[in-house]
There are 2 protein chains.
Amino acid sequence: MEIYKGEKKRWYLEKHPIAHHFSFRVEEFIEVREYQRDEWIIQEGMRPDFLFYVIEGKAKIYVTHQNGKVSLINFINENDYIGEMELLNDEYYTKGIQALTKTICFALPFLHYRKRLLEDAKFLRELTKFLSGKATHMAAKYTQSLAFPLENRLADFILQTADEGIYKEKHVMVCDYLGISYRHLLHVLSQFCEKNYLQKDGRNFRIKQYQSLNELAEVLKSK
Amino acid sequence: MEIYKGEKKRWYLEKHPIAHHFSFRVEEFIEVREYQRDEWIIQEGMRPDFLFYVIEGKAKIYVTHQNGKVSLINFINENDYIGEMELLNDEYYTKGIQALTKTICFALPFLHYRKRLLEDAKFLRELTKFLSGKATHMAAKYTQSLAFPLENRLADFILQTADEGIYKEKHVMVCDYLGISYRHLLHVLSQFCEKNYLQKDGRNFRIKQYQSLNELAEVLKSK
DNA sequence: TGAATAATATGAGATATCTCCTATTTTAGA
DNA sequence: TCTAAAATAGGAGATATCTCATATTATTCA
C-alpha cells in the first residue's frame, strides 16, 4: 500500500471531487491510498480505522466460514464505500477486502471524522442510498441463488463480465462468487460449449449465442 | 386494514413514542394502521405512498420470480421500517409485504414527509443502521445458503423459532424462506427425528437434543 | 532457469435437492 | 354441516451439485 503525498495527492483530490458528499471540508485529514492487485485493503476480522471511498479500481469482499469454505460476497467498484459497516456499528464481524486490480481510494480516519459524519445529513443521505442498493442487491442474489440452477446465474455472470464478447474470468474466483464447486463450473461451461453458446478459445470463451445466454439470464429477473 | 382514529390513535402514539427518530414533529400527518394476519401491507410491484414503521406484529417480504417460484426474502419485526427502499430510490422493484400476525404500524405519507426525512440527520442515521443491518443479514444468509446444506440452516431456523422447546412453523412458509422444496424439508425433518434430535408430536416437533442442533447451527457462523 | 505454486482439465461415484404423483388430514368458508 | 382448499405425508426417479483423485499446463519467484 502506498500513500500519495504532495502533488500526486492533490491531483487525485482534484480529479475526483467528493466535496458534494459532505457538508464540511474533509481534505484536512484525508489520505489518498493505492493498493496493488491482490493486496488486502482490510483483513478479515480486523476492524478498520478508516472509511474508504473507492475512486479507481475494483475489489472483492470475502468471508471465511467455519468449515473453511470461502465466499466471495460481492465486488466493490468505483464510487463504493468500504468500512461503512464499522463506521455505523460497534458490533460487526469485519469481512476481508482484497483488491482485484490496482485500487485507489480516499481514506477518512474515523478518529477525526466519525462524529461529524454521523451528524451530516448530506453524507448520510448518500450512505442510505448506497446501503439500500447493497441490501437490495444481496437480497436479489440470495433469492436467485435459491430459485435457479447455476446455468441461469452463470449466463448472467458471463454477460456481465464479458469484454468485447470474450469471457475470461478466473474459474476459482467465479466458484467463490457463485458459491459452487470448481468441478461443477467446468461441467456447466462445457455444456454451454456443447450447445454452442460459447466457444472455447485457449483459456477464454467466446460468446457465440448472445441470445441464448440472454434468455437464461433474463429468467432471473422478477416479474 | 383499519386506520385508528381519536383515542385509539393517541394511545398508540403515546405507547410507542418515535419522536426520538426525527428532529421534527411527525404527528400531524401520521396514520396508525392495523393489518390483519395474511393481509398484504404492500402488494408486489405497487409502489407504496407511505413509510411504515412497525410497532407490533410480524410480517414477511416476498418476491415472485419469472418461473413462478416464490421467495420469502425475510421477516419484518417490531421496530423495522417498510417502504424505505421506495423512499430513497425512484427506481426500485417493490416487494410484497404480508402480515404474518396482526400488525400495527405507523404510516408516514411520502407526500408530506419525504423531503424533510431526507434532510433529517437523526432519521437518516437511524435508517443507515437499519439498512446496514439488513445488508449484513442478507449477505450472511446468502453465503450460508451456498456454503451449507439444509441440515445446518434448518437447525438454526428451528432453534430461532422454537417456542418453549416446540417447533411448529408451517412447512410451506419454511420452504419459501429456506428456498427448498416441500419434499426435501420433510426428508430432513424426518432425518432429525430418526437421529432423535426432534420428536414428532402431532403436527409439532419437540426438541430432544438441543446440543446436536446447536452444533449444526454453530457451523454457520463465520470464524 | 528450475522448482514450487496456481490454474486448468476430466473421470467416477456420492449426496443434496428437485419434480411429479398420490393420499390423508385439517381448516375455512358457504 | 358440508365441501373446497390448504396442509401434511411419503414413494420413486431425475438432476444439480459435491467430493475426491489425478494429470497437465501456466505462472511466479528465488
Side-chain angles (χ1 to χ4, degrees), chain A residues 36-39 60 65 67-72 98 100 143-155 157 166-195 198-206 216 219-220, chain B residues 36-39 60 65 67-72 98 100 143-155 157 166-195 198-206 216 219-220:
Chain A
Q36 300 163 264
R37 178 192 157 96
D38 291 339
E39 198 176 350
K60 298 174 284 184
H65 301 279
N67 65 355
K69 268 204 189 178
V70 168
S71 294
L72 201 185
Q98 187 181 29
L100 183 55
T143 61
Q144 287 166 9
S145 74
L146 293 174
F148 301 95
L150 178 61
E151 185 176 51
N152 300 96
R153 295 180 291 132
L154 180 59
F157 183 74
I166 306 288
Y167 167 80
K168 51 169 101 171
E169 298 300 322
K170 290 267 175 276
H171 295 335
V172 175
M173 188 188 78
V174 178
C175 292
D176 289 343
Y177 182 63
L178 296 177
I180 40 132
S181 69
Y182 192 95
R183 191 65 191 80
H184 191 51
L185 174 61
L186 292 194
H187 264 315
V188 177
L189 277 174
S190 72
Q191 277 175 28
F192 282 0
C193 290
E194 268 173 39
K195 293 179 188 163
L198 298 177
Q199 188 176 38
K200 202 162 169 195
D201 186 7
R203 312 220 125 182
N204 301 340
F205 293 83
R206 178 182 304 278
L216 285 175
V219 178
L220 294 185
Chain B
Q36 300 162 263
R37 179 192 158 96
D38 291 338
E39 199 176 349
K60 297 173 285 185
H65 300 280
N67 65 357
K69 267 204 190 177
V70 168
S71 294
L72 200 184
Q98 187 180 31
L100 183 55
T143 61
Q144 287 166 8
S145 75
L146 292 174
F148 302 95
L150 179 61
E151 186 175 52
N152 300 95
R153 296 179 291 133
L154 180 59
F157 183 73
I166 306 288
Y167 167 79
K168 51 169 103 170
E169 298 299 322
K170 289 268 175 275
H171 295 336
V172 175
M173 188 186 79
V174 177
C175 292
D176 290 342
Y177 182 62
L178 297 176
I180 39 130
S181 68
Y182 192 96
R183 192 64 191 80
H184 190 52
L185 174 61
L186 291 194
H187 265 315
V188 178
L189 278 174
S190 72
Q191 278 175 26
F192 282 0
C193 290
E194 268 173 38
K195 294 179 187 163
L198 299 178
Q199 188 176 38
K200 201 161 172 199
D201 186 7
R203 311 220 127 184
N204 301 340
F205 293 82
R206 178 182 305 276
L216 285 175
V219 179
L220 294 185

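Labels below follow one simple rule: chain letters A, B, ... track the order of the sequence lines, proteins then strands, and each chain is numbered from 1.
A close approach under 4.0 Å does occur between a side-chain nitrogen or oxygen of Tyr182(A) and OP1 or OP2 of dT8(C).
Within a heavy-atom distance below 4.0 Å of DNA chain D, no residue of residues 168-176 of chain A is found.
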Identify all side-chain donor-acceptor contacts of residues 168-176 of chain A below 3.5 Å with residues at least two apart in sequence or on another chain.
none

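Closest to the Arg203(A) side chain, of the nucleotides dA26(D), dC18(D), dC18(C), is dA26(D). When each of dT19(C), dC20(D), dT8(D) is scored by its nearest atom to the side-chain atoms of Arg183(A), the top-ranked nucleotide is dC20(D).
Rounded to whole angstrom, the span from the CG atom of Leu185(B) across to the P atom of dC18(C) amounts to 10 Å. Between Lys69(A) atom NZ and dT17(D) atom P the separation is 12 Å, expressed in whole Å. Rounded to whole Å, atom P of dA26(D) lies 13 Å from atom CG of Asn204(A). In this entry the distance linking CG of Leu150(A) with C1' of dT17(C) reads 15 Å, nearest Å. Taking atom NE2 of residue His187(B) and atom P of nucleotide dA16(C), one finds them 11 Å apart after rounding to whole Å. What separates CD1 of Ile180(B) from C1' of dT17(D) is a distance of 16 Å, to the nearest Å. Regarding Phe148(A), its CZ atom lies at a distance of 11 Å from the P atom of dT19(C), rounded to whole Å. Separating the CG atom of Leu146(A) from the P atom of dA16(D) is a distance of 16 Å, rounded to the nearest angstrom.
Within the 4.0 angstrom heavy-atom criterion, base atoms lie near Leu186(A).
Looking only at distances, no side-chain donor or acceptor of Gln98(A) sits under 3.5 Å from a matching main-chain atom of Lys60(A). Asn152(B) contributes a side-chain N or O that, together with a main-chain N or O of Leu216(B), makes up a donor-acceptor pair within less than 3.5 Å. The backbone N or O of Leu178(B) sits less than 3.5 Å from a side-chain atom of Arg153(B), completing a donor-acceptor pair.
The nearest heavy atom of DNA chain D to Pro149(A) and to Ser190(B) marks one nucleotide each, and the one closer to the 5' end goes with Ser190(B).
Taken from CG in Asn204(B) to CD1 in Ile166(B), the straight-line distance is 6.0 Å, to the nearest 0.5 Å.
Defining each end axis of the helix from dT1(C)-dA30(D) to dA30(C)-dT1(D) as the rotation carrying four pairs' C1' atoms onto the next four, with five pairs an end, the two axes are found to diverge by 60° to 10 degrees.
In this structure, Arg37(B) has no side chain to side chain donor-acceptor pair (under 3.5 Å) partners at least two apart in sequence or on a different chain. Annotation: side chain to side chain contact (heavy atoms under 4.5 Å, CB included) contacts of Ser181(B) (sequence neighbours excluded): Arg183(B), His184(B).
In this structure, the side chains of Phe192(B) and Phe205(B) stay at 4.5 Å or more apart for every pair of heavy atoms.
Screening residues 186-195 of chain B for side-chain hydrogen bond (donor to acceptor under 3.5 Å, both in side chains) gives Glu151(B)-Lys195(B) as the qualifying pairs, with residues at least two apart or on separate chains.
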